[in-house]
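What follows is a short report on a single structure.
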Amino acid sequence: METRVCRLYGQEDLKIETDAVRQPGPGEALVKVGRGGICGSDLHYYLHGGFGTVRVSEPIIMGHEFAGTIAAVGEGVENLNVGDKVGVNPSQPCGHCSFCQEGLFQHCLEMRFIGSAMRLPHEQGGFREYLTISADQCIKGSADTTIAELACAEPLAVCLHAAKRVTLKDKKVLVNGAGPIGALCVAAAKYHGAAEIVVVDLFDKTLSVAKEIGADRIINLSTSADSLASYSENKGYFDVVFECSAAQPAIENVFQAIRPQGTIVQVGVTGNMSFPMNVLVGKEVNWIGSQRFHLEYAEAVNLISKKAIDVKPIITDVFPMDSVLDAIKSATDRSKSVKVQVDFE
């Protein structure tokens, strides 16, 4: 059996090729991939050949946000049936290192993450028509959930993990950056009972999606910067900030808007940057990081399936597999898109 794949050879060198697909062995499943979402890391791989010290040094099939239907199962697989809709969890911790033993699976010392160039050999991704994988990675969704929705489980899992880093019930929340992660942080905060959610960004399109998904107020900093500044009065207003942009001006803004002993959850990542240490100390700000997810992936599929969180508003563009380069181009334009998906069916 053969499948078409989206294989990246290096910076701006992406080809659609044909590869062999093996039938599932014991404990495995064959997934017919339906949709895949383009993530920021995919854009870095394509546009720059990697990010930081992570480089594409051998051919890699792109994609770690994807979902599909079960086409076949191997011996011993009892919880999946042909035709089931599934999200595929890209997180593959070893289960036996010291961090896994502590339940900190996202910090696994031997983590293999689907579609990642962090290790050699690279972990091949899900941007293909068919994929054989461990059945444990396949999380079953409800029959009335779409494949497009299930393909959003991975970024939602990122935000559910970030939400667990802080108490949100009855809190005043600022989300800085309204890309896919920012929008889904809004959804997670709303689900966990935040009293008020304000979102800031530079683009009306992304802000409109944040509003649709649950924000109480949206602020376009390119036209209404003073609207955020008002939240800095009297030592700040917000109990919690989800910082999703990792932009230097944004860091300075959120430190002004956070109230004393408030918590900034850093979700966005970048290289080294400066920060207002005097404000951090003077306000006793808690500034904490949030790294990926593991167990939250199944939670994300469950919440999507139960309609407890509606992810559909973030899907702004869909392209066929043959137009994957157009999909990547669309995903780079934040003024027009939030989550861009590729259709592999």
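By convention here, the first residue in the shown sequence is residue 1. Since the structure is predicted, the reported quantities are computational estimates derived from the model, not experimental observations.
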Count the heavy atoms of every other residue, nucleotide or ligand shown that sit under 6.0 Å from NZ of K15, and state whether that count exceeds 12. yes

Applying the side chain to side chain donor-acceptor pair (under 3.5 Å) test to D19, which of R4, R7, R128, Q124 qualifies? R7

The side-chain contact (heavy atoms from CB on, under 4.5 Å) partner of I181 among V186, V267, V338 is V267

If you round to the nearest 0.5 Å, how far is NZ of K329 from CG of L47? 12.0 Å

Contact summary for L207 and V199, nearest pair of heavy atoms: CD2-O, 3.7 Å

Inspect the surroundings of CD in Q101 and state if more than 12 heavy atoms from other residues, nucleotides or ligands are less than 6.0 Å away. yes

Taking the side chain as C-beta and beyond, is there a heavy-atom pair between E110 and R119 under 4.5 Å? yes

Would you kindly confirm whether L303 and V158 end up in one hydrophobic cluster when ILVMFWY residues are joined by side chain heavy atoms under 4.5 Å apart? yes

Just by distance, with hydrogens left out, do S134 and Q137 show a side-chain donor and acceptor under 3.5 Å apart? no

Please work out which of the three classes, parallel, tilted or perpendicular, describes the rings of F105 and H294, given edges at 30° and 60°. tilted

For L160 and A188 the tightest heavy-atom approach is CD2-CB, 4.2 Å

Mark yes when over 12 heavy atoms from residues, nucleotides or ligands other than K190 sit less than 6.0 Å from its NZ; otherwise mark no. no

Would you kindly say whether Q266 and E243 are connected by a side-chain donor-acceptor distance under 3.5 Å? yes

Determine whether V5 and V342 fall in the same hydrophobic cluster, where Ile, Leu, Val, Met, Phe, Trp and Tyr are linked whenever their side-chain heavy atoms lie under 4.5 Å apart. no

Which value, rounded to the nearest 0.5 Å, describes the distance between R334 atom CZ and S245 atom OG? 8.5 Å

Side chains of M321 and I16, heavy atoms from C-beta outward: is any pair under 4.5 Å? yes

If you define the side chain from C-beta out and look only at heavy atoms, does anything of I264 sit under 4.5 Å from V285? yes

For N220 and D201, test the side chains for any donor-to-acceptor distance below 3.5 angstrom and give the result as yes or no. no

Would you confirm whether E58, through its side chain, and H122, through its main-chain N or O, come within 3.5 Å as a donor-acceptor pair? yes

Could you tell me if the side chain of E123 sits less than 4.5 Å from the side chain of F113, heavy atoms only? no

CD1/I70 to CG/N81 distance, rounded to the nearest 0.5 angstrom? 9.0 Å

Keeping the roles fixed (side chain from T146, backbone from E149), state whether a donor-acceptor pair exists under 3.5 Å. yes

Distance, nearest 0.5 Å, that separates CD1 of I61 from CD1 of I114: 11.0 Å

F66 ring centre to R35 NZ or CZ under 6.0 Å, with the angle to the axis within 45°? no

Starting from F344, can I reach L8 by hopping between I/L/V/M/F/W/Y residues whose side chains sit under 4.5 Å apart? yes

Within the 3.5 Å criterion, strictly below it, is a donor on Q256 or Y237 matched to an acceptor on the partner's side chain? no

So which heavy atom on R259 is nearest to which on G236, and how close? CB-O, 3.7 Å

Cluster overlap V173 with I258, hydrophobic side-chain contacts below 4.5 Å: no

Is the number of heavy atoms from other residues, nucleotides or ligands under 6.0 Å of E102 CD greater than 12? yes

Backbone of S274 reached by a side-chain donor or acceptor of Q248 within 3.5 Å: yes

Decide yes or no for Q341 and I38: does some side-chain heavy atom of the first lie under 4.5 Å from some side-chain heavy atom of the second? no

Can you confirm whether more than 12 heavy atoms, excluding those of K164, are under 6.0 Å from its NZ atom? yes

Step through the shown structure and confirm whether more than 12 heavy atoms of other residues, nucleotides or ligands are within 6.0 Å of CG on N234. no

Distance-minimising heavy-atom pair for M118 and Y45: N-OH, 4.4 Å

Partners of F99 by ring-ring contact (aromatic ring centres under 6.0 Å, His included), sequence neighbours excluded? none

L184/V311 under side-chain contact (heavy atoms from CB on, under 4.5 Å): CA gap, chis, key distance, verdict: CA-CA 8 Å; L184 292 175; V311 297; 4.0 Å; yes

Less than 4.5 Å apart, side chain to side chain, heavy atoms only: is that true for E284 and P260? no

Within-4.5 Å side-chain heavy-atom neighbours: Q106 and F293: no

Flag if over 12 foreign heavy atoms under 6.0 Å of CE, M277: no

Shortest non-hydrogen pair, A183 vs V209, comes out as CB-CG1, 4.4 Å

Heavy-atom side-chain contact between V241 and F255 under 4.5 Å: no

Shortest non-hydrogen pair, C6 vs L14, comes out as C-CD1, 3.8 Å

With the 4.5 Å side-chain cut-off for hydrophobic clustering, are V265 and V175 part of the same group? yes

Any sub-3.5 Å donor-acceptor pair from K140's side-chain atoms to L80's backbone N or O? no

Which of parallel (below 30°), tilted (30 to 60°) and perpendicular (above 60°) describes F238 and Y231? tilted

Does one side chain, of N89 or S91, offer a donor that lies under 3.5 Å from an acceptor on the other? no

Under the side-chain contact (heavy atoms from CB on, under 4.5 Å) rule, what do T145 and K307 come out as? Steps first, then yes or no, please. CA-CA 9 Å; T145 304; K307 316 302 180 187; 3.8 Å; yes

